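Worksheet: one structure, shown below.
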Protein chains: 2
Amino acid sequence: MSDEIRRSMPLFPISIVKSLTDLSARQIRYYEEHDLVHPARSEGNRRLFSFNDVDRLLEIKALIEKGINLAGIKQVLSMQEAPENEPMNQEQVEEIHNDLSEKELRRMLQQELLTAGRHGKSSLRQGELSRFFH
Amino acid sequence: MSDEIRRSMPLFPISIVKSLTDLSARQIRYYEEHDLVHPARSEGNRRLFSFNDVDRLLEIKALIEKGINLAGIKQVLSMQEAPENEPMNQEQVEEIHNDLSEKELRRMLQQELLTAGRHGKSSLRQGELSRFFH
DNA sequence: TTTTTATGTAAGATTTCTTAACATCCCTTG
DNA sequence: CAAGGGATGTTAAGAAATCTTACATAAAAA
């Protein structure tokens, strides 16, 4: 409920998002230009990304790494947003299954990376996050 | 486990921390100058705050609003960091009790505001309290 | 009263971000 | 093969954010 609020709260400048996603600023801006993400803006017109935005960029990246082009990614993402419509054919079902497991992987990453909560220490550095994707 | 890593990961520029804590930049820098927080720095020397840092600033703010001066706050915070030392007298115990409830309130806010993760709500940590009660 | 504490404000330097343009490389497709 | 489009890199110029330092000040402490 208020999860959505937390997750959509504009928090991160592009520099942080770069390091979190391992995407270039150019890529991030390009994806925005093509309507794949919609970060908020500061008063001074700086991009401010939410957890959801970072999330989305990680999805995009995973799909890119699968060789899907931006048009395809846009399609996939739009399907995620409105998943309960007309009945689907087999291909679509598979697509969504893939997407969902992708999403679960993302969630694991998300948990690893961003979830609040305390205590314990293992060391996990940025490069290793890519082990969740290929 | 990797909680501590997430929570100590440098993510936020001072502008975001200002809005998250409702402290002025001057205050935040002043508290740093007096060793109450220790945000990381970017390559270009910009402050980068972690969730823990924000957390800490919210504690500081709550203590400030109670009328406690920086020396007192520093004391309180240091006690939180190394709580398992010499036995305490009654006043100290009460101080910590107050502090802990303060801390729990903060955590609730924190949960509301910043916690990632969609299902389930983690709540009180018995582990932390058990240090003081057994 | 004098000093200290906590904060505000201003100036000037530095860093980060923005958009826009042009370059490059790799696919398609005719 | 050549031409075109897609995705990304690179660079430039300017705007915005942040940094440190210094000075100002109200309230609290001494």
Side-chain angles (χ1 to χ4, degrees), chain A residues 9-50 53-54 56-78 126-127 130 133-134, chain B residues 9-51 53-54 56-78:
Chain A
M9 189 173 230
L11 292 176
F12 309 113
I14 199 169
S15 54
I16 295 295
V17 176
K18 276 173 52 178
S19 70
L20 250 31
T21 61
D22 207 31
L23 292 167
S24 70
R26 181 67 165 97
Q27 287 178 296
I28 296 169
R29 296 195 189 106
Y30 187 73
Y31 302 154
E32 181 191 21
E33 190 181 343
H34 289 274
D35 273 334
L36 298 183
V37 269
H38 307 94
R41 296 287 180 135
S42 74
E43 277 194 15
N45 198 38
R46 260 104 201 247
R47 271 166 267 253
L48 288 179
F49 297 78
S50 66
D53 292 327
V54 174
R56 198 161 235 256
L57 285 170
L58 289 171
E59 292 190 58
I60 292 169
K61 188 188 181 192
L63 294 171
I64 287 272
E65 284 166 358
K66 277 188 182 175
I68 303 174
N69 67 11
L70 291 211
I73 294 173
K74 187 182 284 191
Q75 177 64 34
V76 170
L77 293 182
S78 72
Q126 238 154 214
S130 58
F133 308 104
H134 54 281
Chain B
M9 188 173 235
L11 293 175
F12 309 112
I14 200 169
S15 54
I16 295 296
V17 176
K18 277 173 51 178
S19 69
L20 251 30
T21 61
D22 207 32
L23 293 167
S24 70
R26 181 66 165 99
Q27 285 177 296
I28 296 169
R29 296 193 189 107
Y30 187 73
Y31 301 154
E32 182 191 22
E33 189 181 344
H34 289 274
D35 273 333
L36 299 181
V37 269
H38 307 94
R41 296 288 179 132
S42 75
E43 277 194 13
N45 197 38
R46 266 84 234 272
R47 269 165 268 252
L48 289 178
F49 297 79
S50 66
F51 280 110
D53 292 327
V54 174
R56 200 158 230 260
L57 285 169
L58 289 171
E59 293 190 59
I60 292 169
K61 189 187 182 192
L63 294 170
I64 286 273
E65 283 165 357
K66 277 189 180 172
I68 301 174
N69 67 11
L70 291 211
I73 293 173
K74 186 182 286 193
Q75 177 63 34
V76 170
L77 294 182
S78 73

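Source: prediction; values computed, not measured.
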Side-chain contact test, heavy atoms from C-beta onward, threshold under 4.5 Å: evaluate it for A:Ile73 versus A:Tyr31 and give yes or no.
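Answer no - side chains too far apart.
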4.5 Å side-chain heavy-atom contact, A:Ile64 and A:Leu70
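In short, these two side chains touch, coming nearer than 4.5 Å.
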Nearest whole Å is fine: how far is [N] [atom2] from [X] [atom1]?
X       : N      : atom1 : atom2 : result
B:Leu23 : C:dG8  : CG    : C1'   : 14 Å
B:Ile68 : C:dT5  : CD1   : P     : 17 Å
A:Arg41 : C:dC17 : CZ    : P     : 12 Å
B:Lys74 : C:dA6  : NZ    : P     : 10 Å
A:Phe12 : C:dT16 : CZ    : C1'   : 18 Å
B:Tyr30 : C:dT9  : OH    : C1'   : 16 Å

How long is the straight-line distance from CE of A:Met9 back to CG of B:Leu20, given to the nearest 0.5 Å?
6.0 Å
Out of curiosity, B:Glu32 CD to B:Arg56 CZ, how far, rounded to the nearest 0.5 Å?
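If we round to the nearest 0.5 Å, B:Glu32:CD and B:Arg56:CZ are 12.0 Å apart.
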Output yes when at least one side-chain N/O atom of A:Arg47 is less than 4.0 Å from OP1 or OP2 of C:dT19, else no.
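For C:dT19, OP1 or OP2 has a side-chain N or O of A:Arg47 closer than 4.0 Å.
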Pairs under 3.5 Å (N/O, protein and nucleotides 20-27 of chain C):
none

Check side chain to side chain contact (heavy atoms under 4.5 Å, CB included) between A:Pro13 and all other residues, then give those that pass, not counting sequence neighbours.
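With sequence neighbours excluded, A:Pro13 shows a side chain to side chain contact (heavy atoms under 4.5 Å, CB included) to A:Ser15, A:Ile16, B:Pro13, given in chain and number order.
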Map B:Ser15 and A:Asn69 onto DNA chain D by nearest heavy atom, then report which one ends up closer to the 5' terminus.
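Nearer the 5' end of the strand: A:Asn69.
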If you pin A:Gln27 and A:Ser42 to their nearest nucleotides in DNA chain D, which one's is more 5'?
A:Gln27
Take the angle between the ring planes of B:Phe12 and B:Phe51 and call it parallel below 30°, perpendicular above 60°, tilted in between.
perpendicular
Between the main-chain N or O of A:Ile28 and the side-chain N or O of A:Lys18, is there a donor-acceptor pair closer than 3.5 Å?
no
Measure across A:Asp53 and A:Leu48 and return the closest heavy-atom pair with its distance rounded to 0.1 Å.
OD2-O, 4.1 Å
Note: chain A reaches DNA chain D at heavy-atom distances under 4.0 Å over the stretch, first to last nt, 5' to 3', of D:dG6 to D:dA17
Is any NZ, NE, NH1 or NH2 atom of the basic residue among B:Lys61 and B:Glu65 found under 4.0 Å from an Asp or Glu carboxylate oxygen of the other?
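Looking at B:Glu65 together with B:Lys61, the answer is yes, because their closest N to O distance falls below 4.0 Å.
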Nearest to the side chain of B:Ser24, which nucleotide is it out of C:dG8, C:dT14, C:dA6?
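Selected nucleotide: C:dG8.
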Residue met sooner reading DNA chain C from 5', once B:Ile64 and B:Arg46 are mapped to nucleotides
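That would be B:Ile64.
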